[in-house]
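Working notes for the structure below.
All values below were derived from every heavy atom in this structure, side-chain atoms included, with hydrogens, water molecules and symmetry-related copies excluded.
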4 protein chains.
Amino acid sequence: MPNTPSSNDNTPATATRRERRKEARPGELIDAALDLFVEKGFAATRVEEVAARAGVSKGTLFLYFPSKDELFKAVVRENISGRFVEWNSEFEGFEGSTGDMLGYCMNSWWERVGATKASGLTKLMMSEASNFPEIAAFYQQEVIQPGHTLIRRILQRGMDRGEFRSLDLDYAVYSVVAPMMFMILSRHSMGVCVPSNVELDPQRYIAAQLGVILNGFSLRPDDARPDARKA
Amino acid sequence: MPNTPSSNDNTPATATRRERRKEARPGELIDAALDLFVEKGFAATRVEEVAARAGVSKGTLFLYFPSKDELFKAVVRENISGRFVEWNSEFEGFEGSTGDMLGYCMNSWWERVGATKASGLTKLMMSEASNFPEIAAFYQQEVIQPGHTLIRRILQRGMDRGEFRSLDLDYAVYSVVAPMMFMILSRHSMGVCVPSNVELDPQRYIAAQLGVILNGFSLRPDDARPDARKA
Amino acid sequence: MPNTPSSNDNTPATATRRERRKEARPGELIDAALDLFVEKGFAATRVEEVAARAGVSKGTLFLYFPSKDELFKAVVRENISGRFVEWNSEFEGFEGSTGDMLGYCMNSWWERVGATKASGLTKLMMSEASNFPEIAAFYQQEVIQPGHTLIRRILQRGMDRGEFRSLDLDYAVYSVVAPMMFMILSRHSMGVCVPSNVELDPQRYIAAQLGVILNGFSLRPDDARPDARKA
Amino acid sequence: MPNTPSSNDNTPATATRRERRKEARPGELIDAALDLFVEKGFAATRVEEVAARAGVSKGTLFLYFPSKDELFKAVVRENISGRFVEWNSEFEGFEGSTGDMLGYCMNSWWERVGATKASGLTKLMMSEASNFPEIAAFYQQEVIQPGHTLIRRILQRGMDRGEFRSLDLDYAVYSVVAPMMFMILSRHSMGVCVPSNVELDPQRYIAAQLGVILNGFSLRPDDARPDARKA
DNA sequence: TATGAATGAGCTTTCATTCAT
DNA sequence: GATGAATGAAAGCTCATTCAT
């Protein structure tokens, strides 16, 4: 609220340094944790390191997060699952073609997650999910489910509006998801996905995948009739 | 098999049973380790388990591999060896349409890799590569490069024969690779890829992805005069 | 109670509310601590809980008691104060048989101590005494000594009046004390005294013990010529 | 088996030092643990101390006992619950009067448990049971239950044989148990039970309690008739 | 005086690695 | 060569105690 500076005049200037610290702490810890989790993985990151990077002691971390698990969940919430409300509402208000919509969706996902440190969390889950079932369940519920639901709704919209051909929805979702996941992996897995000395250009990569997908989803001349009657 | 000594005639007669045992040890340990690393991940696998599964003691394992890290490296090196010779020669002799070829390729990859223990190796690399840079480089050279080259050649063939539209080859490859990698992940990562209580059916999955891809690669009516109207 | 100032007239008018508060603090903390120490033991009670129950912050507790240990000592000291004056005077005036007297004594002890929070103090001493030698000495002087003396006097009265047989007084005292202590333990020690799913009924328990004790103290026919035949 | 030295001749003298250590380890650890648990309590004893006192490292302790809890259980089994088979069989074979039997029982309990370090375990349970429910349940099952059952059987025998009067068994048990527990407490609780400068003499204490109890259990002249017909 | 954020020693348990036998 | 007993560094978490405000 940069345009309502006077409205805070009654907030005492006495908000002490300590109080300000206290409010900032969770965020500082989450930032530090994101860095380290992404860099070293969940198991290999020691809470003491996280605390140290945030400039506090081990005990202080546990003042704000009751366990390492909860710290991780907070990191995920802050960096990924929190985004879905925004995306969902963008979907609701979108006016253009479903193809544009899908493109917008993939590109903005890339900007807000894929290109950021947050994408490291996805990689991390792939590596360590099986060792931390509770975290895996959380991630699955907070990230995977909403993501799938959103994409499903987009594809459904395309079919409803006659823009896409009739799709096996349960599986078509993965035509969108797989390239994105793959992109993340390629950025975090030391060339285990992509030939060395190749650096994928995200924009071009997304454009290419989108091109194939949209062409793949589109009505073929012969599809005109069979689907027409479906409605 | 102490009672079938003659069946081993091709082994030098000078190799006593003990020596043969000794030579077999590393292989047995590597097999056991592959199973366990794939099943539980690198960190969660205890060397004692590996030794036990190979039927030796913990100490013995360290006789053959100086550390757990080295054991891991041996596992990967041992299991990657010319996996592409066969496929390449099949490509040379293939007669049908490039669409069929791609379908054959994906399905046979599934049968020979995706559905087998070998896919565990892929998963292993994705999870652990960043901790073993040398191994990642090795894997990338022995597996990633040849794989990409093969798919590239297929797509090129499709374009050359006028079956596929003009593709950005560097990126189109991933339309094929990504869904396959994703499939492996979903099978090895405890549902961090796929919503819980959904079990992907490989055949249906591959069929669906192939459907989208081939449609996506295909010439559109307007493509006849390639890219003319795109602008 | 800001609106009932006159009701406190007997408090010196010079004591401001804040000062009164301040004087009450230690007592409130000690009460809270007694409850919690009894309920959960010394080690398992967190000072923060004590402070919370007393309605102050952790820091405030340390303003009044320099350490958890000192808090414990204060709890015991504060709760032991001339618990035996009353009983002693009742003993002086008692008119009935010594058997009735003992029964009265045990039952009233149960009502006034055993069944109340005060028994928690006894339990506390039994559990923690060895960690607080000075306190143990204090308790022993203020509680154990007077208690023993009282019971001794009762038994002596019984012998003097020919109601009880000749007893080894130093040890007979424990026939009375032991069952009472045991009762307290059984009520505070999670069934380490009494088989699970058994809940002792105090009245019945006391009646049973008293029955055995009185029968045990009573003159036997042969006791007429005391101890004569024992050899 | 000091009289069968030659029977061990076939044991190879090659039982290495290491092997001998290995067999002795659990016992050494249990002994060390008993000492420390009794001296400092369960919670306050660190496993590292136990290991150190047994002359091994922390890790070694966990080679033999999977957790601190299990170590404690082993200590209890070794020092208390193991005794009940012996006691029970002694009960079966006992020929004398039930009074003698009870006396024998109390005295031998004193010798084998009460007078030994093992009695510290009982004190420990009273202090810490509520903080370690699993251990409390174990103790209750392995020690309290069998003890009560044994005493019950003795009292029942006395009643069956017309030696004891009709007793409220559920509560009479405590006439035996309470004095014993009390004795233990007095030895471990720094004079919280017994006046200072009094050192209870166990033999005399037990004799005195037994005297009162047996007299208390015995048939009174008037009991002769009513109980006589009960049979 | 009162607060409560911050600290850090201390505890149990795990497991790769060593080495005497 | 093979064993497996022994080691000890680490790691997550708790809580009495301190001290800036």
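- Rounded to whole Å, atom P of F/dT17 lies 15 Å from atom CZ of C/F72.
- A distance of 10.5 Å separates CD in D/E39 from OG in C/S130, rounded to the nearest 0.5 Å.
- In this entry E/dA9 has F/dT14 as its Watson-Crick or G-U wobble partner, both defining distances falling under 3.5 Å.
- Ranked by how close their nearest DNA chain E nucleotide is to the 5' end, B/T45 and D/E49 are led by D/E49.
- For C/R77 and C/E134, the salt-bridge test fails: no basic side-chain N is under 4.0 Å from an acidic carboxylate O.
- Distance, C/E28 CD to E/dA2 C1': 14 Å, rounded to whole Å.
- E/dT21 is paired with F/dA2 under the Watson-Crick or G-U wobble criterion, all donor-acceptor distances under 3.5 Å.
- Using a 4.0 Å heavy-atom criterion, one finds that D/V47 contacts the bases of the nucleic acid, with or without backbone contacts as well.
- The nearest whole Å value for the distance from the NZ atom in B/K40 to the P atom in E/dT14 is 13 Å.
- Taking the six-membered ring where the residue is Trp, B/F72 and B/F37 present tilted rings, their angle falling between 30° and 60°.
- Side-chain N or O atoms of A/E70 include none that pairs as donor or acceptor with a backbone N or O of A/S67 at under 3.5 Å.
- Atom-to-atom, CG of B/L29 to P of E/dA16 comes out at 14 Å; the value is rounded to the nearest Å.
- Mapping A/A44 and C/E48 onto DNA chain F via the closest heavy atom, the residue that lands nearer the 5' end is A/A44.
- Here the OG1 atom belonging to B/T60 is positioned 8.0 Å from the CG atom belonging to B/L29, to the nearest 0.5 angstrom.
- Remark: A/K58, A/F62, A/S67, A/K68 in residues 53-71 of chain A come within less than 4.0 Å of DNA chain F through at least one heavy atom.
- Between B/F132 and B/F42, the gap from one ring centroid to the other is short of 6.0 Å.
- For C/R46, taking side-chain heavy atoms from C-beta onward, the closest of the listed nucleotides F/dA16, E/dT17, E/dT12 is F/dA16.
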